[in-house]
Amino acid sequence: MARAATTSDAFNAVAEPRRREILNFIALQERPVGEIVDRLGMEQPSVSKHLRVLLEVGLVNVRRDGRRMLYRTNAEAIRPLHEWTETFERYWRHQLSRVKERAERKSNPSNDSAPDFHFKEEKNDLDSKQELRI
């Protein structure tokens with residue numbers, strides 16, 4: 001299956017780690033290309049290429065200030081990315097809450113009459129093991 005072009009949408013554009021670095025760096029303040037190059041330690045042609053891709057998918061805004069071009073992350077265009085990742089954030093928050101509850105029950109067993117785990121003995125050809133099932 002052919003890989004989608006990095007300029008096809010925001011999801012493909014941010015798949016490249018250097019573009020995410022650039023987006024993070026210009027998120028709170030607009031910056032000229034030279035400053036991005038200096039601070040991120042990237043080559044100028046590479047930064048320009050990544051900014052062009054980010055511009056094409058709408059994740060970056062650019063403004064001319066005299067001879068300089070100033071770039072800044074377009075927070076509104078990142079909203080679909082944020083909304084999509086929220087699904088997973090809710091999932092992991094729920095999973096972490098479950099882990100925390102189990103850890104609290106384990107550290108204070110007097111509050112819980114039935115433990116949330118059991119031991120299962122398994123034998124293999126070399127030795128026998130006890131495996132903790134949670």
Side-chain angles (χ1 to χ4, degrees):
M1 181 171 178
R3 191 175 146 196
T6 57
T7 59
S8 62
D9 61 43
F11 290 93
N12 284 303
V14 298
E16 170 31 72
R18 284 172 238 120
R19 290 192 196 114
R20 292 191 305 268
E21 278 185 78
I22 292 169
L23 286 171
N24 285 335
F25 184 63
I26 63 175
L28 299 177
Q29 181 180 347
E30 55 185 11
R31 315 256 185 181
V33 173
E35 189 175 338
I36 299 168
V37 167
D38 293 341
R39 291 290 297 273
L40 299 182
M42 299 167 73
E43 298 294 324
Q44 189 276 327
S46 179
V47 169
S48 293
K49 175 186 158 196
H50 290 308
L51 286 169
R52 185 175 58 251
V53 170
L54 294 169
L55 274 165
E56 288 175 7
V57 298
L59 293 177
V60 167
N61 292 326
V62 63
R63 161 179 92 79
R64 181 176 289 281
D65 181 32
R67 292 178 32 172
R68 297 185 323 161
M69 302 296 280
L70 300 172
Y71 296 87
R72 185 173 193 157
T73 300
N74 179 358
E76 192 60 36
I78 290 178
R79 182 178 303 278
L81 297 170
H82 175 70
E83 289 170 354
W84 181 76
T85 58
E86 267 185 334
T87 303
F88 301 100
E89 183 180 346
R90 284 190 300 270
Y91 168 78
W92 284 110
R93 195 176 312 128
H94 175 71
Q95 294 295 8
L96 291 172
S97 293
R98 290 179 58 203
V99 168
K100 179 182 175 193
E101 290 169 10
R102 286 181 180 157
E104 288 171 349
R105 282 196 305 264
K106 186 176 178 183
S107 70
N108 193 3
S110 62
N111 290 344
D112 191 7
S113 60
D116 194 25
F117 59 87
H118 67 277
F119 289 95
K120 179 180 179 186
E121 199 170 304
E122 293 182 5
K123 295 191 184 238
N124 64 22
D125 293 339
L126 300 174
D127 62 352
S128 64
K129 296 190 251 181
Q130 283 191 336
E131 185 177 308
L132 179 63
R133 301 275 184 192
I134 297 178

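Index from 1, following the sequence.
- By the 6.0 Å and 45° rule, Arg39 does not stack over the aromatic ring of Phe25.
- Within a 6.0 Å sphere centred on CD of Glu83, heavy atoms belonging to other residues, nucleotides or ligands number more than 12.
- The two residues Met42 and Val47 make their nearest non-hydrogen contact at CB-CG2, 3.6 Å.
- Between the side chain of Arg19 and the backbone N or O of Ala13, at least one donor-acceptor pair lies under 3.5 Å.
- Considering CG of Leu51 and CZ of Arg31, their distance stands at 12.5 Å, rounded to 0.5 Å.
- For the pairing with Glu30, the salt bridge (Lys or Arg N to Asp or Glu O under 4.0 Å) check across Arg72, Arg64, Arg63 returns one residue only, Arg63.
- Heavy atoms only, all atoms of each residue included: Pro80 and Ala77 are closest at CD-O, 3.2 Å.
- Between Pro32 and Arg68, the closest heavy-atom pair is CG-NH1, 3.8 Å.
- Note that CG of Leu96 is 10.5 Å distant from CD of Glu89, once rounded to the nearest 0.5 Å.
- Taking each heavy atom of Thr73 and Leu23 in turn, the nearest pair found is OG1-O, 2.7 Å.
- Gln44 and Ser48 share a donor-acceptor pair across their side chains, judged by distance under 3.5 Å alone.
- Rounded to the nearest 0.5 angstrom, Leu70 CG and Gln29 CD are separated by 9.5 Å.
- To the nearest 0.5 Å, the span separating CZ on Arg18 from CG on Leu54 amounts to 12.5 Å.
- For Arg79, the CZ atom is loosely surrounded, since the number of other residues' heavy atoms within 6.0 Å does not exceed 12.
- Cluster annotation: Val99 and Tyr91 are assigned to distinct hydrophobic clusters (Ile/Leu/Val/Met/Phe/Trp/Tyr, side-chain heavy-atom contacts under 4.5 Å, transitive).
- Environment of CG in Leu28: sparse, with no more than 12 heavy atoms of neighbouring residues, nucleotides or ligands closer than 6.0 Å.
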Fill in: Check against side chain to side chain contact (heavy atoms under 4.5 Å, CB included), Thr85 and Leu81
CA-CA 6 Å; Thr85 58; Leu81 297 170; 5.6 Å; no
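- Residue Arg98 holds its CZ atom at 5.0 Å from NE2 of His94, rounded to the nearest 0.5 Å.
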